[in-house]
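The next block holds one structure in the form of structure tokens; read it before the comments.
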2 protein chains.
Amino acid sequence: MLCVGSRGTGYIDMATVTIKMLAGKLNLSTATISKALADSHEISPATKQKVLQLAQELNYVPNAYAGSLRRHKSKTIAVVIPEVADSFFSLALNGIEEVALAHGYHTLIYLTHEKLEREKAILKELANGRVDGLLMSVTVETGTFDHIREFNKQLPVVFFDRVCPEIETAQITTNDFECGYLAAEHLIQAGCRKIVLLSVSNNLSITSERAKGFQKAVLEHQLNGVFCRVVDCNEDAAQNYEIIKAMMSQPDRPDGIIATVEKLTIQIYLACRDQNINIPRDVKVICFSNQPSALIFDPGLSTINQPAFEMGRAAARALLKALKNSSLLLADESVEIPSTLIARGSTKM
Amino acid sequence: MLCVGSRGTGYIDMATVTIKMLAGKLNLSTATISKALADSHEISPATKQKVLQLAQELNYVPNAYAGSLRRHKSKTIAVVIPEVADSFFSLALNGIEEVALAHGYHTLIYLTHEKLEREKAILKELANGRVDGLLMSVTVETGTFDHIREFNKQLPVVFFDRVCPEIETAQITTNDFECGYLAAEHLIQAGCRKIVLLSVSNNLSITSERAKGFQKAVLEHQLNGVFCRVVDCNEDAAQNYEIIKAMMSQPDRPDGIIATVEKLTIQIYLACRDQNINIPRDVKVICFSNQPSALIFDPGLSTINQPAFEMGRAAARALLKALKNSSLLLADESVEIPSTLIARGSTKM
DNA sequence: CAATTTTACTTAATCGTTTAAGTAAATTTT
DNA sequence: AAAATTTACTTAAACGATTAAGTAAAATTG
């Protein structure tokens with residue numbers, strides 16, 4: 001018995017299996033079916049058995065949105081991040097998805113591409129039932145927080161990595177201050193005296209924390225503040241290349257570079273190669289990065305390795321915990337998961 | 001006027017703004033509000049103006065699920081991929097999100113972690129209204145297709161990269177056969193005579209296409225089939241390292257390696273380094289990879305670069321086109337976007 | 001100006017669930 | 001055995017939107 005129309009989608013609705021349909025076939029009310037499927041004590045074992053069996057046979061899957069509408073719960077969370085083609089965020093997303101899945105939650109993804117406007121638009125749109133909560137890493141542009149605060153009045157938000165201390169909620173971070181300090185210490189131990197920290201001009205607490213750690217080490221070792229400084233890069237790879245190249249062609253060029261942003265790595269290597277500046281002989285380089293292939297760079301890249309996957313998991317866990325237990329104070333769920341410094345060829349003495 | 005309860009979520013419902021509420025405040029019916037917001041010709045300009053203004057003021061956002069339930073359209077697509085911590089998939093996801101966003105669609109993400117069971121469970125759950133369509137790259141285990149075929153009876157599916165020619169729908173691919181051929185040709189031109197293609201044991205059409213292209217080049221150049229062969233790796237990095245190491249410690253070890261899987265790159269480099277086999281002098285290596293940092297590997301990695309972002313975009317576009325135009329035959333939307341071979345240090349003569 | 005059409009609404013049903021409240025029959029209690 | 005309770009259901013309202021169908025008043029037509 002073929003069932004092909006001459007026009008239309010070609011997709012068969014087959015009068016999608018609903019509770020109503022099950023009720024019809026079994027001569028029961030929809031209420032009974034619903035309760036039977038929910039294993040309610042109000043329904044007799046015999047009826048439950050019949051309902052379950054028919055549901056199985058007809059491949060009944062409850063309409064997600066009908067339930068969401070009724071219960072005011074979507075079993076969906078949103079992940080709002082700047083980009084996904086970045087080892088940190090893709091690993092974090094991995095961790096988030098794992099936890100969401102395990103709890104039967106669905107994961108919506110939104111990329112801000114570092115645009116505050118986009119971030120605002122997303123939060124606004126999500127503020128009406130589509131999700132039960134939000135995991136986010138803010139953009140580099142995010143300097144005001146009203147849009148987040150407004151959203152957070154209605155739904156729980158958990159920050160990870162690029163957190164927002166201004167908002168009282170769970171903040172999943174790594175030890176950025178300490179890592180900035182350790183990176184600088186590491187370079188100093190390797191003999192560097194003119195260390196530059198490359199950052200991107202932004203409002204992020206994590207980069208300022210890293211910079212503060214760096215400054216502390218510089219002070220402790222009484223290094224010259226003229227040479228030891230923070231240099232701002234931006235979102236444009238070609239421009240960053242020029243910035244780094246210009247910096248490295250000065251007579252008093254740095255002998256150590258700390259990149260707080262993974263994507264600057266390539267530009268640093270390229271700029272040095274193109275100017276015949278040898279890493280690590282002429283300049284030592286360490287980056288905040290999670291690329292597993294850092295060890296086969298030329299030379300192997302010393303890194304501060306963030307626990308991206310674990311941070312994603314921790315963030316998702318905190319959010320889901322809050323969703324299960326509505327009296328939970330999310331601010332108490334903040335955790336700091338330490339990063340690890342891995343020394344490789346690029347900082348060899 | 002503070003509004004803080006002693007218990008509960010702390011999240012303010014503020015009787016979330018609904019059409020009903022707007023209707024109440026303006027002394028109009030919900031139908032009028034709904035139509036005004038949809039800019040219907042049935043509503044007078046004056047009323048529209050009033051409605052729009054109040055909606056703006058109260059920050060009204062339509063409940064997504066109410067509309068979805070009524071219209072049987074969710075404005076949501078699902079992306080089902082093996083993993084996200086992979087340069088191809090993260091770039092593709094980027095392209096997908098861009099297109100979805102531009103069309104006002106939401107993107108759900110599901111990771112199969114290469115498990116067929118997981119893939120089946122996801123499709124089953126999604127088959128009831130949650131999404132309007134699906135973009136997918138199948139797992140390495142996906143050898144049967146009934147679960148996809150079943151889903152595809154109800155909703156449109158578009159495959160990208162790891163496609164499924166058995167299902168009649170859009171398949172967004174790159175020129176895998178040709179690339180397998182070109183990679184082999186490239187190694188042969190560089191002097192290789194004993195070339196091994198490293199793959200992962202699976203059912204994927206793309207890897208078999210690459211292998212076929214490789215075989216063609218081997219035949220054309222009448223290379224010895226004993227040395228020129230396909231070697232299977234798997235999902236376990238440590239095991240792969242051992243497989244490659246064992247292969248490279250044979251007396252008749254290969255002088256050329258083609259890796260069809262990005263993640264094998266590191267194991268190849270490590271195994272060679274650990275055995276003092278010089279790349280490219282002793283063995284030349286080319287990988288299917290999209291890592292932008294391939295050029296600063298040691299030595300720079302020659303790659304077959306897939307147009308991941310473009311493929312993601314093409315896949316999303318095909319799906320959305322089908323969703324807008326239900327009489328579209330998706331199979332006609334299949335496209336092949338060519339990859340590019342980038343020669344670097346790892347295949348130098 | 002009576003008849004018709006158009007305008008600008010409202011009423012009420014519906015999407016697929018869940019759930020409070022109701023109810024008849026069976027069971028238990030006293 | 002009458003009263004009270006429990007069991008296993010059903011009825012109907014709700015969630016928040018959309019939309020077919022209905023309607024009174026205003027505008028247009030012949």
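Owing to the predicted nature of the structure, the values given are computational and were not obtained by experimental measurement. First the proteins, then the strands, lettered A, B, ... as listed; each starts at 1.
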Nearest-nucleotide pick for A/Glu42, side chain only, options being D/dA17, C/dA21, C/dC9: C/dA21
OP1 or OP2 of D/dT18 sitting under 4.0 Å from any side-chain N/O of B/Tyr65? no
Between A/Pro62 and B/Asn27, which has a closest nucleotide on DNA chain C that is more 5'? B/Asn27
With distance as the sole test, does B/Glu141 use its side chain to make a donor-acceptor pair with the main-chain N or O of B/Leu116 at under 3.5 Å? yes
Can a side chain N or O of A/Lys20 be found less than 4.0 Å away from OP1 or OP2 on C/dC15? yes
Distance test, side-chain N/O of B/Thr32 to OP1/OP2 of C/dT10, below 4.0 Å: yes
So if I take every side-chain heavy atom of B/Ala66 and compare against C/dT10, D/dG16, D/dT18, which nucleotide ends up nearest? D/dG16
Can a side chain N or O of A/Thr47 be found less than 4.0 Å away from OP1 or OP2 on D/dC9? yes
Look at the side chain of B/Thr76 and the backbone N and O of B/Ser74, then say whether any donor-acceptor pair between them is shorter than 3.5 Å. yes
Ignoring hydrogens and geometry, is there a side-chain-to-backbone donor-acceptor pair from B/Ser90 to A/Ala85 under 3.5 Å? no
Determine: side-chain N/O of B/Ser34 to OP1/OP2 of D/dA17, distance under 4.0 Å, yes or no. no
Any side-chain N or O of B/Lys35 less than 4.0 Å from the OP1 or OP2 oxygen of C/dT10? no
Report the nucleotide, chosen from D/dT10, C/dA12, D/dC9, that has the shortest atom-to-atom distance to any side-chain atom of A/Ala31. D/dT10
Grab the CG-P distance between B/Leu22 and D/dT18 for me, whole Å please. 12 Å
When you measure from the side chain of B/Arg70, which nucleotide among D/dT19, C/dG16, D/dC9 comes out closest? D/dT19
Expressed in angstrom and rounded to an integer, what is the separation of B/Leu26 atom CG from C/dT10 atom P? 10 Å
Can a side chain N or O of A/Ser29 be found less than 4.0 Å away from OP1 or OP2 on D/dT10? yes
Carboxylate-amine/guanidinium proximity below 4.0 Å for B/Lys75 and B/Asp132: no
Please evaluate the base of D/dT18 for a donor-acceptor partner in the side chain of B/Arg71 within a cut-off of under 3.5 Å? no
Under-4.0 Å salt bridge between B/Glu114 and B/Arg162: yes
Remember a base hit wins even if backbone is also touched, and classify A/Ser44 as base, sugar-phosphate or nothing at under 4.0 Å, heavy atoms. sugar-phosphate
